[in-house]
Amino acid sequence: MTPEFAPASDDTRPLWLVWSGDDLPSDAQAGPWAEASGFSAKAGQICLLPDAAGGLRGAIMGLGERALASRERFPIARAHALPRGDWHLANLPAGLDPDQLALGWLLGQYRFTRYKGKPVQGPRLVCPTGADADRALAIAAGEFLTRDLINTPAGDLGPDKLEAAARALCNDIGARVEVICGSALAKQNFPLIHAVGRASAVEPRLIDIRMGDQGPMLTLVGKGVCFDTGGLNLKPGASMGLMKKDMGGAATALGLLKMLAATGATGRMRLRVLIPAVENSVAGNAFRPGDVLASRKGLTVEVNNTDAEGRLVLADAMTYATEESPDLMISLATLTGAARVALGPDIPPFYCDDDATAAALQQAAMQVGDPLWRMPFWDPYEAQIEPAIADLDNAPSGGMAGSITAALFLRRFAEGAGRYAHLDIYGWQPTAAPGRPKGGVGQGARAILASLPQILA
Ligand code: BES
Ligand code: MN
Ligand code: ZN
């Protein structure tokens, strides 16, 4: 679906937003009515305003208590509960940013419609005054792509279909694509991608996208595990249930690519997006626990757990990326359950050794409602990923600090990039929140986009 605003016209109804405890805006002329209807400006509480003829003239929506504002990212998205029709914001309460209002409204429009037909048309909102409508639309459209890709089950989005989706996007935005597929992966020295993906009926592949040809080089590497059974270290049913979302990193990278193209950022940079697209499946030719695999970089990896497959496919893709020495490389991956244990579904950890880059990313993340939290590439844990019989261990026993040891594993393959950041995302909204319906969700893309002027100067 495509995000949209209502066209500005005289025909739209006014919507006032009010913090609880504040006076109602006097131009709403709603005091006695609002009081009589029990309106107390609770978050999302809507008070419809009648005109003299009994028609609907406008509405007031509560924002709740100002002191609790940090609990909610996009309070405006609650206004999707308004009656159908076109609305405009009649006021801008202190503390609300027009661009965030515009984006929050659009993000609340999202529905996953592929298998259920068209949703009923909801209310529409004119882009709030002072907001950059084109930018909000570009960001929302990228995020909708990410959500659609994550929500699409693996039966309809295997590595081949993920490639097709990437090609369709590249066709739209004028990006170049190359794909290395199946046995060509082995021939061209991507042994880890091939090993992880070879047991699937759909061939593994490396999708390589480029756009823009001047300025600093940014390479995004997105984990594209279209389904993660765990491999021979099979996941129990409850853990496998959501694993269609294990390509959330790839989906987020593609959504970000779409945002960068639509906002014109790709005119000022050299962007590359690498997606190892595989299904971690079970068959007679599956890679096994105990196997020692060579990597593209030459480091050998002992497979302690076939369910730690993400770091394997990313390692070869990252090695390939560093062969061009990008100024900045960022990996996005639904990499560990441990990241969820540490920070929960809302706020993914990120890792970066460059303090200035980390600070810019952290600040932008909070500002645009795409939170991230820095965790350390903790050198003392390096020994945990060093087994006795190979260079690296893909799944240290004990499992403590699982997100950190996964990040340390990836960092071994980042040498050659000017700077490296890694985001261990979840890619899923477990319960609906304003602007984020239950289901697939992008994490980190908007933070990267907003920090780009600082991190890719
Ligand atoms: N895709 C999973 C990680 C995951 C699980 C992300 C649940 C989000 C929600 C990844 O491939 C995986 O299975 N990781 C293992 C690693 C372990 C075997 C070292 C994990 O986190 O349990
Ligand atoms: Mn896994
Ligand atoms: Zn996985």
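One-based numbering, in listed order, for ligands and for the atoms of each.
Although no hydrogens or angles enter the test, the distance criterion places a donor-acceptor pair under 3.5 Å between the side chain of D424 and the main chain of L335. A donor-acceptor pair is defined here as one N or O able to donate and one able to accept, closer than 3.5 Å; such a pair exists between the side chain of R374 and the backbone of C352.
The Mn ion (ligand 2) forms the vertex of an angle spanning OE1 of E309 and OD1 of D307; to the nearest 10 degrees it equals 120°. When OE2 of E309 and NZ of K223 are joined through the Zn ion (ligand 3), the resulting angle is 90° to the nearest 10°.
Remark: the R419 side chain and the T357 side chain contain an N/O donor-acceptor pair separated by less than 3.5 Å.
Backbone or side-chain N, O or S atoms of D307 do not reach the Zn ion (ligand 3) at under 2.8 Å.
Proximity of F190 to T319: side-chain heavy atoms (C-beta onward) are nowhere separated by under 4.5 Å. Taking 4.5 Å as the limit, some side-chain heavy atom of T229 sits within range of a side-chain heavy atom of M240.
Distance CZ/F350 to CD/Q443: 13.5 Å, rounded to 0.5 Å. To the nearest 0.5 Å, atom OG1 of residue T405 and atom CZ of residue R311 are 6.0 Å apart.
D228 contributes OD2 as its N, O or S atom closest to the Zn ion (ligand 3). Of all the N, O or S atoms in D246, the one closest to the Zn ion (ligand 3) is OD2. Nearest N, O or S atom of D228 to the Mn ion (ligand 2): atom OD2.
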> Under the side-chain hydrogen bond (donor to acceptor under 3.5 Å, both in side chains) criterion, do D148 and Y110 qualify, and how do the steps go?
Replying inline: CA-CA 9 Å; D148 279 345; Y110 179 80; 2.5 Å; yes
>> Test ring-ring contact (aromatic ring centres under 6.0 Å, His included) on F377 and Y381; report intermediate values, then the result.
In response: CA-CA 9 Å; F377 278 121; Y381 294 163; over 10 Å; no
What does the N/O contact table under 3.5 Å look like for ligand 1?
residue  : atom   : partner : partner atom : Å
ligand 1 : 1 (N)  : K223    : NZ           : 3.3
ligand 1 : 1 (N)  : D228    : OD2          : 3.3
ligand 1 : 1 (N)  : D246    : OD1          : 2.8
ligand 1 : 1 (N)  : D246    : OD2          : 2.9
ligand 1 : 1 (N)  : T334    : O            : 3.3
ligand 1 : 11 (O) : K223    : NZ           : 3.2
ligand 1 : 11 (O) : D228    : OD2          : 2.9
ligand 1 : 11 (O) : D307    : O            : 3.1
ligand 1 : 11 (O) : E309    : OE1          : 2.8
ligand 1 : 11 (O) : E309    : OE2          : 2.9
ligand 1 : 13 (O) : K235    : NZ           : 2.8
ligand 1 : 13 (O) : D307    : O            : 3.0
ligand 1 : 13 (O) : D307    : OD1          : 2.8
ligand 1 : 13 (O) : D307    : OD2          : 3.2
ligand 1 : 21 (O) : G337    : N            : 2.7

